[in-house]
Amino acid sequence: MDRLLAADGLQASRLRDAGVDSGADVTLDRLGQLPTVTKRDLWDHYPDGLRAVPIEDIVCVHGSSGTGGRPTLIPYTAADIDVWAQVMARALGGAGATRRSLVHNAYGYGLFTGGLGVHHGAMRLGATVLPLSGGMTDRQVRMIADLKPDILTCTPSYAIFLGEAMTEPPPSLRAGLFGAEPWTNEMRAQIERLLGLRALDIYGLSEIIGPGVAAESLDSDGMLNVAEDHFFVEAVDADGRAVSDGTPGELVFTTLTKTGMPLLRYRTGDVATLAGPVPGAPRTLRRMSKLLGRTDDMLVVRGVNVFPTEIEAVLLADGRVSPHYLVVEDRRVAARAELIVAVEPVADGHGLAADLDRALRERLGLTCVVRVLAPGSVPRVEVGKAKRLVRWSEGPAPLDGLAG
Ligand code: DLL
């Protein structure tokens, strides 16, 4: 709090407006009453963001590409990189990586935090990192066969893509840390089958540090351990009030140790539930569920609210559906929005559309138009984040075969 006040920027003026003139004025139980920051605040301060230190203390800049708006750029100090390396080393360690490990890192290197985040963490752990970055899948398959990595890091959709490019699961891989985009337990089962490894979830966002804000470990019981010693987490409802553990809420993070761009109560737009540590387990950190969705991805169709991940769970529970699917929110007639769900069958697609239609209606109370397309129709993403949801308000169909 004192660092923010000293930096005298947007967050300081909001704190003073809220009656806070010194860090000593605030206790942890009052944190929930303090002002929040949003992505809009960062955009309004583009390109410098809410930098709190002089430029000479900044050693690098990362950010997100800006789907849904302008790019967001985040300045890091050397101390921030140190924190990042530490939380990422912990995440990799939690997945079973050791100094003897070979980490095949297929997250993109660049402004995106995935590639370099894993890189810093693997080096901090003392493992060996293979900086493959995304794409050039043939080369990646070859490297996995020749160098025998035990840990794989990439987006879950690229894990599927890699798995499908191999004739059989590579025997060397033991675990993978997959994140940067939403994925369900049903997707997890597919990745584990294709690659023969334990598929764990890793979460983060550039604004807070990048990957490593929270990560699943072999012993975290399906939830992600939040690196609470660096990032304090809250979950709030649409009015900004705290929700109780187990109730879905928007995640709000406060950076406790960051110096380049410390954030007080950053509203992420990401929705998850929170829980305490696994009872009796040595890890004492609070945990978060896999992300249920984003506040801005919630689909409201004829009064039914649904996140795309819930649709994914229903689709992939049917063994005949390939993990390449696309949800299209058809809003060409605004008053009559339709959800079109485009899937590809892995085997005989006979009767599939009718069965999925029934399953979606029974499980989510949602009537969709299910389109079973030829294998290969849904675009694959080799570099960057998969797009599972498209909004269609005018013009041609985002995918051939949707008109039916
Ligand atoms: O995606 C950081 C990251 C890199 C996380 C590699 C994990 C692995 P951004 O590009 O700033 O940072 O995007 C952040 O991605 O607010 C979520 O909406 C989404 N996201 C990140 N991890 C997950 C995940 C990186 N495990 C935004 N599950 C976040 C679902 C995720 N969504």
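No experiment lies behind these values; they were computed from the predicted model shown. Counting starts at 1 for both ligands and their atoms, following the listed order.
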List the atom pairs, donor and acceptor, that lie under 3.5 Å between side-chain atoms in residues 204-215 and the rest of the protein, sequence neighbours left out.
| residue | atom | partner | partner atom | Å |
| --- | --- | --- | --- | --- |
| Glu207 | OE2 | Lys39 | NZ | 2.8 |
| Glu207 | OE2 | Tyr266 | OH | 2.8 |

If you look only at distance, which donor and acceptor atoms sit under 3.5 Å apart when one is on a side chain in residues 392-399 and the other is two or more places apart or in another chain?
| residue | atom | partner | partner atom | Å |
| --- | --- | --- | --- | --- |
| Trp392 | NE1 | Gly395 | O | 3.0 |
| Trp392 | NE1 | Pro396 | O | 3.2 |

Just distance, no hydrogens or angles: give the donor-acceptor pairs under 3.5 Å from side chains in residues 176-185, sequence neighbours left out.
| residue | atom | partner | partner atom | Å |
| --- | --- | --- | --- | --- |
| Glu181 | OE1 | Ser157 | OG | 3.4 |
| Glu181 | OE1 | Ala386 | N | 2.7 |
| Glu181 | OE2 | Ser157 | N | 3.0 |
| Glu181 | OE2 | Ser157 | OG | 2.5 |
| Trp183 | NE1 | Phe178 | O | 3.3 |
| Trp183 | NE1 | Asp201 | OD1 | 3.1 |
| Thr184 | OG1 | Glu186 | N | 3.4 |
| Thr184 | OG1 | Met187 | N | 3.2 |
| Thr184 | OG1 | Glu312 | OE2 | 2.5 |
| Asn185 | OD1 | Arg188 | NE | 3.1 |
| Asn185 | OD1 | Arg188 | NH2 | 3.0 |

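Within a 6.0 Å radius of CZ in Arg142, no more than 12 heavy atoms belonging to other residues, nucleotides or ligands are found. A 6.0 Å sphere centred on CG of Asp400 holds no more than 12 heavy atoms belonging to other residues, nucleotides or ligands.
A ring-centre distance under 6.0 Å is not found for Trp84 and His230.
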Every pair of nitrogen or oxygen atoms between ligand 1 and the protein that is under 3.5 angstrom apart - can you list them with their distances to 0.1 Å?
| residue | atom | partner | partner atom | Å |
| --- | --- | --- | --- | --- |
| ligand 1 | 1 (O) | Lys385 | NZ | 2.8 |
| ligand 1 | 10 (O) | Lys385 | NZ | 3.1 |
| ligand 1 | 11 (O) | Ser206 | N | 3.0 |
| ligand 1 | 11 (O) | Ser206 | OG | 2.4 |
| ligand 1 | 13 (O) | Lys385 | NZ | 2.9 |
| ligand 1 | 15 (O) | Lys385 | NZ | 3.2 |
| ligand 1 | 16 (O) | Asp270 | OD1 | 3.4 |
| ligand 1 | 16 (O) | Asp270 | OD2 | 2.6 |
| ligand 1 | 18 (O) | Asp270 | OD1 | 2.7 |
| ligand 1 | 22 (N) | Ala180 | N | 3.1 |
| ligand 1 | 26 (N) | Asp201 | OD1 | 2.7 |
| ligand 1 | 26 (N) | Ile202 | O | 2.7 |
| ligand 1 | 28 (N) | Glu181 | O | 3.3 |

